[in-house]
Amino acid sequence: MTIKKFLLNLLLMLLLVLFVFGGVLLWLRFYTNHGQRLELPDYNGKHIVEATEDAEDRSFQLVVKDSTHRVGVPGGIILSQNPKPGSRVKENRKIYVDVAKYNPDLIALADMRPMYGREYENKRKELASQFINSKIKGRRYDPGEPNHILEVWYEGELIDGNSGRKTGVNIKVGSTLEFIVSSYEGGQVSSTDYSCKTLREAKWIFDQYRLRIGDIERIGVITDMDNAYIIAQDPPHEEGKEIPFGTRINLSVQQEKPERCESASQ
């Protein structure tokens, strides 16, 4: 055997050994990694595009299971994932995620329960359960009970009131409705002369006109306050004058009916 042939055979043997050794290493690597469990990253709060790229680099698959509108959260942000972060999973495991919608959900005004004439605080709580915010835009005098809804405004437009609802309006979930609510303030009533009336009669009129009884001055001995007669009031009565609701009127009373009241009634 020549030296040249010997060297050639030796080279072939070395190549064979290297090939076998390399094959064994690859097999061992595959065998070692096969079935290996990897720790799942936390994708919550990440954008779906960014998270998908990271998952593919780690041999995971991200699958969008559902999309939900979340107030204040940009579209495409991952809200939850299953399995949870930190779970040990195999390669190519599918990771199911919920993401925030790009466009908010809409609620048709026509499908919403009546708002005009309803008590504001109760309606505010009801709207909050639908993730709609409420704000008092202003107050206006109304002869009915206070804090009841007179007008509903949305994005600068009147959408509900005593003239009815505006058609074709959709309310974005997470947005704000503004309200004009009723108030006793701003209303007025004509000045009334309470002289010669009993305190009981005056109280009934005060309640009707939403006025307040102030200080009561007793003239002489009073044995029956409700049936005592009013002889003076402050501020005094002025024919044709309008006074605001809630005005406080001081009264002077005596037990006996004044003689001028007797003559006035005849």
Side-chain angles (χ1 to χ4, degrees), residues 43-48 51 63-82 84 96-190 203-212 242-248:
Y43 293 121
N44 290 304
K46 297 183 181 298
H47 195 278
I48 184 64
V63 179
V64 176
K65 183 181 68 173
D66 194 11
S67 59
T68 306
H69 175 64
R70 185 73 61 84
V71 178
V73 178
I77 297 298
I78 295 176
L79 304 174
S80 64
Q81 67 180 69
N82 183 29
K84 295 180 179 180
Y96 297 93
V97 296
D98 293 335
V99 300
K101 284 185 177 180
Y102 285 90
N103 297 315
D105 294 329
L106 300 176
I107 300 177
L109 178 62
D111 294 336
M112 298 177 69
R113 296 177 63 182
M115 290 183 280
Y116 171 71
R118 300 313 194 262
E119 202 277 328
Y120 170 75
E121 187 59 26
N122 290 334
K123 184 56 61 175
R124 183 192 66 78
K125 294 177 181 178
E126 178 185 319
L127 291 172
S129 68
Q130 299 175 288
F131 302 100
I132 295 177
N133 302 310
S134 302
K135 177 183 177 182
I136 294 180
K137 177 183 177 73
R139 299 179 183 274
R140 181 188 304 159
Y141 165 71
D142 186 83
E145 290 298 314
N147 296 316
H148 280 61
I149 297 170
L150 302 178
E151 292 179 357
V152 184
W153 290 73
Y154 177 59
E155 295 185 341
E157 292 187 60
L158 176 63
I159 62 171
D160 198 358
N162 61 357
S163 59
R165 285 185 166 183
K166 188 174 181 179
T167 59
V169 176
N170 293 313
I171 309 299
K172 297 176 183 177
V173 172
S175 60
T176 300
L177 294 180
E178 297 182 312
F179 297 87
I180 301 293
V181 299
S182 59
S183 173
Y184 286 154
E185 296 179 6
Q188 292 187 322
V189 63
S190 298
K203 286 179 179 178
W204 186 86
I205 297 173
F206 273 47
D207 288 341
Q208 298 301 307
Y209 292 164
R210 299 189 180 95
L211 300 173
R212 295 185 298 157
E242 297 286 320
I243 60 175
F245 282 165
T247 297
R248 190 170 181 267

Practice item. Would you mind telling me which of L177, I180, V152 makes a side chain to side chain contact (heavy atoms under 4.5 Å, CB included) with K137? Key: I180
Check your understanding: Atom CZ of F131 and atom CG of N133: how far apart are they, to the nearest 0.5 Å?
Key -> 10.5 Å
Practice item. Grab the two heavy atoms, one from I78 and one from A51, that are nearest each other, plus how far apart they are. Key: CD1-CB, 3.5 Å
Exercise for review: Ignoring hydrogens and angles, tell me if any N or O in the side chain of R165 forms a donor-acceptor pair with the backbone of L109 under 3.5 Å.
Suggested key: yes
Revision key, fill the gap. The reported gap from NZ in K65 to CG in N82 (rounded to nearest 0.5 angstrom) is 6.0 Å
Point to revise | Contacts of type side chain to side chain contact (heavy atoms under 4.5 Å, CB included), residue K84, not counting sequence neighbours | key: S87
Study note, to complete from the structure: Here the pair of heavy atoms bringing E242 nearest to S190 is OE2-OG, 3.0 Å
**Study point:** Approximate separation, where rounding is to 0.5 Å, of T167 OG1 and I159 CD1
**Key:** 11.5 Å
Point to revise | Sequence neighbours excluded - ring-ring contact (aromatic ring centres under 6.0 Å, His included) pairs with any residue from residues 133-172 | key: Y141-F245
Review point. Under 3.5 Å, is there a donor-acceptor pair between the side chain of S182 and the main chain of N147?
Key: yes
**Study point:** R140 and E151, any side-chain heavy atoms less than 4.5 Å apart
**Key:** yes
Study note, to complete from the structure: One should read off an interatomic distance between R118 CZ and E126 CD, to the nearest 0.5 angstrom, of 9.5 Å
Review point. Roughly how far apart are M115 CE and L127 CG, rounded to 0.5 Å?
Key: 6.5 Å
Point to revise | side-chain contact (heavy atoms from CB on, under 4.5 Å) between I132 and M112, worked out | key: CA-CA 11 Å; I132 295 177; M112 298 177 69; 4.0 Å; yes
Review point. Which atoms form the tightest heavy-atom contact between S67 and K101, and what is the distance?
Key: O-CE, 3.4 Å
Check your understanding: Which heavy atom in S80 sits nearest to a heavy atom in N44, and how many Å separate them?
Key -> CA-OD1, 3.1 Å
Check your understanding: Can you name the residues that form a side chain to side chain contact (heavy atoms under 4.5 Å, CB included) with V73, not counting sequence neighbours?
Key -> R70, I77, L79, A100
**Study point:** K123 side chain to P114 backbone, donor-acceptor under 3.5 Å
**Key:** yes
**Study point:** Under the side chain to side chain contact (heavy atoms under 4.5 Å, CB included) test, residues paired with Y120 that sit two or more places apart
**Key:** R124, S134, I136, I149, F179, V181
Exercise for review: Check step by step if side-chain contact (heavy atoms from CB on, under 4.5 Å) holds for L150 and N162.
Suggested key: CA-CA 7 Å; L150 302 178; N162 61 357; over 6 Å; no
Practice item. Kindly write out the residues that satisfy side chain to side chain contact (heavy atoms under 4.5 Å, CB included) with R212, not counting sequence neighbours, or none if the list is empty. Key: R248
**Study point:** For the student: nearest non-hydrogen atoms of L158 and K166, plus distance
**Key:** O-CD, 4.1 Å
Check your understanding: How far does CG of D111 sit from CG of L106, to the nearest 0.5 angstrom?
Key -> 11.5 Å
Review point. Taking only residues two or more places apart in sequence, or in another chain, which ones meet F206 in a ring pair (Phe, Tyr, Trp, His ring centres under 6.0 Å)?
Key: Y194
